[in-house]
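Have a look at the structure below before the remarks.
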Amino acid sequence: MTALMTGTLPLPYRVVRTADETPDTAGIVLEPSGTPLPEFCPGQFAMVYAFGAGDIPLSVSAVDGHRLTLTVRSVGAVSGALRNAAAGSTVGVRGPFGTGWDVPADGDVLIVAGGIGLAPLRPVVRRVLAARERYGQVAVLIGARGPRDLLRPGETREWQEAGARVLTTVDRPAQGWSGDVGVVTMLLDRAAVAPAGTAAFVCGPEVMIRATARELVHRSVPAERIQVSLERTMHCGTGHCGHCQLGPLLLCLAGPVVPWDRARPLLSVREL
Amino acid sequence: MAVTYRAAVIDKVGLDALIRALAARGRTVIGPTVRDGAIVLAEVTGGADLPYGWGVAHEAGRYRLAPRRDGAAFAHSAGPQSWKSFLHPQRERQWSADRDADGSVVFSAESGPSPSYAFLGVRPCDLRAIAVQDRVLSGGRYPDPAYRRRRERAFVVAAECTEPGATCFCVSMDSGPAAGPGYDLALTEVIDSAGHRFLVRAGTEEGESLLGEVPSRPADTATQDAAHASVAAAADRMGRTMPQVDLQVLMRETLTAARWEDVASRCLTCGNCTMVCPTCFCTTAEDVTDLTGDHTERWRRWESCFDLEFTHLPGGPVRATGLSRYRQWATHKLGTWYDQFGSSGCVGCGRCIVWCPVGIDITEEAHALARERDGGVAAGSAPEAP
Ligand SMILES: Cc1cc2nc3c(=O)[nH]c(=O)nc-3n(C[C@H](O)[C@H](O)[C@H](O)COP(=O)(O)OP(=O)(O)OC[C@H]3O[C@@H](n4cnc5c(N)ncnc54)[C@H](O)[C@@H]3O)c2cc1C
Ligand code: SF4
Ligand code: SF4
Ligand code: FES
């Protein structure tokens with residue numbers, strides 16, 4: 001048995017380039033220095049190691065062959081080190097871990113993202129828009145703290161041109177902001193999807209996930225067709241460290257993407 | 001057709017010879033010894049290291065050694081450690097990373113030699129606990145290579161229970177007092193007018209071949225009957241019981257019970273129960289960098305779900321209250337373990353009861369939860385568990 005198969009030993013990946021997306025968030029593109037990891041699916045995550053600092057779970061924002069694109073928001077020691085990683089430097093990567101998004105082949109698609117939550121949803125949008133003709137309505141609703149915190153505004157405009165209805169709202173507007181102000185759930189009524197035939201994908205802060213899923217159920221989207229991506233502490237990614245438990249689920253294996261009919265009863269218990 | 005192996009009877013000389021034969025095969029033999037006022041698992045080199053004549057008297061929050069007149073070696077129930085200290089050690093290096101002058105990094109897996117243990121005197125509950133950890137650490141999608149190596153190389157000599165302790169409830173958890181599968185050899189200690197001896201049954205070929213190397217005589221009916229009778233009697237002398245309900249369902253249905261507040265008001269969230277529990281497996285990752293800054297090591301060490309840091313997220317811990325942390329522990333042991341690993345996470349060894357500084361008793365809590373669910377009795381006013 002190789003250590004690779006076990007998911008415990010990182011493989012070296014070179015930082016090809018980095019790009020600031022917001023004041024605290026960077027996109028980083030990685031390429032294997034040697035042997036590549038198996039291919040990641042949308043919604044799966046990697047454990048990414050910054051030399052000497054530690055490793056953290058990060059979802060893949062794009063997969064092009066063996067190239068991985070990550071989006072890192074600096075909130076602490078490891079994410080700070082990765083956000084500032086220099087092109088040419090080496091990081092360690094383990095994975096692919098977890099259960100990703102189940103993207104249907106047709107029907108209406110509704111994507112709701114809060115803040116950095118857009119990162120794991122990018123590959124879903126790209127996959128759906130790559131076969132746009134197969135789908136009905138495609139809506140992407142994005143919420144951010146302020147206009148400066150919106151990830152890749154250029155790319156979201158491209159999505160619009162490729163046939164998605166993209167709606168954006170911010171909590172705190174700034175000078176020159178002419179878009180919506182308020183929480184992302186406000187945009188739901190303008191998504192123009194048919195509730196019964198919609199697959200919904202939701203990622204963001206947990207309060208936002210709860211509110212969005214509740215509103216969607218209220219609008220008759222079946223709970224099992226709402227997928228949410230949850231965040232818990234993760235050290236191993238392999239089901240051994242015990243940190244990512246949400247009741248019966250080890251989220252590094254059974255998640256991070258969980259259908260809402262499964263997640264709702266668990267999240268309704270305080271501090272489960 | 002299932003293979004049946006040999007049964008034999010050995011005496012104290014034979015047991016000593018067994019330890020030496022295991023050592024002669026290059027194994028580190030770990031068994032019960034008396035140390036610092038407790039039965040401690042440590043390396044044994046001969047029969048003289050075993051705790052002949054020592055038993056234990058314990059209760060919730062209390063443990064002390066008690067001399068026994070019969071001179072038994074295996075008449076003490078679970079001590080402060082378990083076999084996980086050897087199979088899933090407290091701290092273990094997983095890999096190291098070295099950075100070159102050009103910034104490239106090489107990751108190297110830990111590749112040291114694996115110890116080859118022989119465990120002597122494994123209780124049936126602990127035998128089950130090893131099987132439970134096997135499922136967690138090497139039975140899933142990502143088998144842990146270091147655990148698996150140690151486990152595959154370990155030789156197990158079980159000792160059936162003839163003297164359950166006041167906090168034992170293996171019968172409720174269906175894990176004892178007779179040894180289940182998984183042993184190479186199983187001993188049953190018999191002390192009567194015919195002398196002090198051990199019925200030995202082999203469970204594997206290697207067990208059988210070892211048994212052939214020590215002085216023994218064929219198993220006689222009297223010894224076999226006496227062994228079976230004392231194990232059967234042990235089953236009727238359990239110090240504790242679990243409520244006779246489906247515990248997985250009970251845990252699922254009582255997540256918001258008032259009883260959790262009651263136990264949380266007593267629990268110190270010290271995590272002792274998780275450290276002594278033979279199935280608790282949780283760990284954290286620790287990175288150590290040397291002075292040059294170019295060599296780092298990844299260590300994995302035990303961590304307890306009672307630590308506030310256990311659910312650290314940038315926005316704060318998920319389980320901030322002691323209530324939610326005790327509930328996580330108990331519901332994992334008795335309930336969600338089934339969902340995750342297909343069995344109970346509790347084997348009824350009683351350690352968590354003994355080593356809790358305030359004497360919290362998982363069986364008493366389960367009885368109280370069952371009463372609250374089934375009878376609507378509020379916490380606090382609940383009578384003591386039977
Ligand atoms: C499945 C999943 C996908 C994620 N995807 C992204 C993403 O694409 N982009 C992004 O910016 N963020 C993502 N996150 C969140 C990101 O992992 C945390 O922001 C990050 O772990 C914070 O670590 P830190 O050391 O920078 O922060 P600190 O808060 O300083 O953390 C200190 C230490 O706590 C531990 N720690 C903190 N949070 C976690 C955690 N979630 N899991 C394990 N250990 C933790 C680490 O050991 C860390 O070194 C994701 C989280 C999960 C669970
Ligand atoms: S929960 Fe308590 S009784 Fe059950 S296996 Fe763990 S330590 Fe033993
Ligand atoms: S009870 Fe707590 S420490 Fe033990 S395995 Fe479960 S989560 Fe880990
Ligand atoms: S991250 Fe370690 S068990 Fe899930």
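Numbers restart at 1 for each chain; the letters A, B, ... are given by sequence-line order, proteins then strands.
- The minimum heavy-atom distance linking A:His240 with B:Val136 is given by the pair CD2-O, 3.4 Å.
- The contact between A:Leu272 and chain B is made by backbone and side chain atoms together, counting heavy-atom distances below 4.5 Å.
- Dense packing is recorded around CZ of A:Arg232, with more than 12 heavy atoms of other residues, nucleotides or ligands lying under 6.0 Å away.
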* Going through the distances and angles, do B:Leu313 and A:Glu231 end up as a side-chain contact (heavy atoms from CB on, under 4.5 Å)? -> CA-CA 8 Å; B:Leu313 283 181; A:Glu231 179 177 359; 3.6 Å; yes
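- Between B:Tyr142 and A:Leu253, some side-chain heavy-atom pair lies under the 4.5 Å cut-off.
- A:His243 contributes a side-chain N or O that, together with a main-chain N or O of B:Phe310, makes up a donor-acceptor pair within less than 3.5 Å.
- With a threshold of 4.5 angstrom between heavy atoms, B:Phe341 approaches chain A through side-chain atoms but not through N, CA, C or O.
- In this structure, A:Arg148 places its CZ atom where only 12 or fewer heavy-atom neighbours from other residues, nucleotides or ligands lie under 6.0 Å away.
- A:Ala86 does not touch chain B: none of its heavy atoms, backbone or side chain, sits under 4.5 Å away.
- B:Trp95 places no side-chain N or O within donor-acceptor distance of the main-chain N or O of A:Pro10, the cut-off being under 3.5 Å.
- For the pair B:Val105/A:Tyr13, no side-chain contact is recorded, criterion being any heavy-atom separation below 4.5 Å from C-beta on.
- Using a 4.5 Å cut-off between heavy atoms, B:Thr284 touches chain A through backbone and side chain atoms alike.
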* To do: Test ring pair (Phe, Tyr, Trp, His ring centres under 6.0 Å) on B:Phe107 and A:Phe51 and set out the steps.
  => CA-CA 11 Å; B:Phe107 294 94; A:Phe51 195 88; 7.7 Å; no
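- Between B:Arg298 and A:Asp55 there is a side-chain heavy-atom pair separated by less than 4.5 Å.
- For chain B, the nearby part of A:Arg270 is the backbone; its heavy atoms alone come within less than 4.5 Å.
- Only the side chain of B:Thr289 has a heavy atom closer than 4.5 Å to any heavy atom of chain A.
- Looking only at distances, a side-chain donor or acceptor of A:Glu271 sits under 3.5 Å from a matching main-chain atom of B:Thr321.
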* **Derivation of the side-chain hydrogen bond (donor to acceptor under 3.5 Å, both in side chains) call for A:Gln245 and B:Gln340** => CA-CA 10 Å; A:Gln245 291 177 67; B:Gln340 296 166 6; 3.3 Å; yes
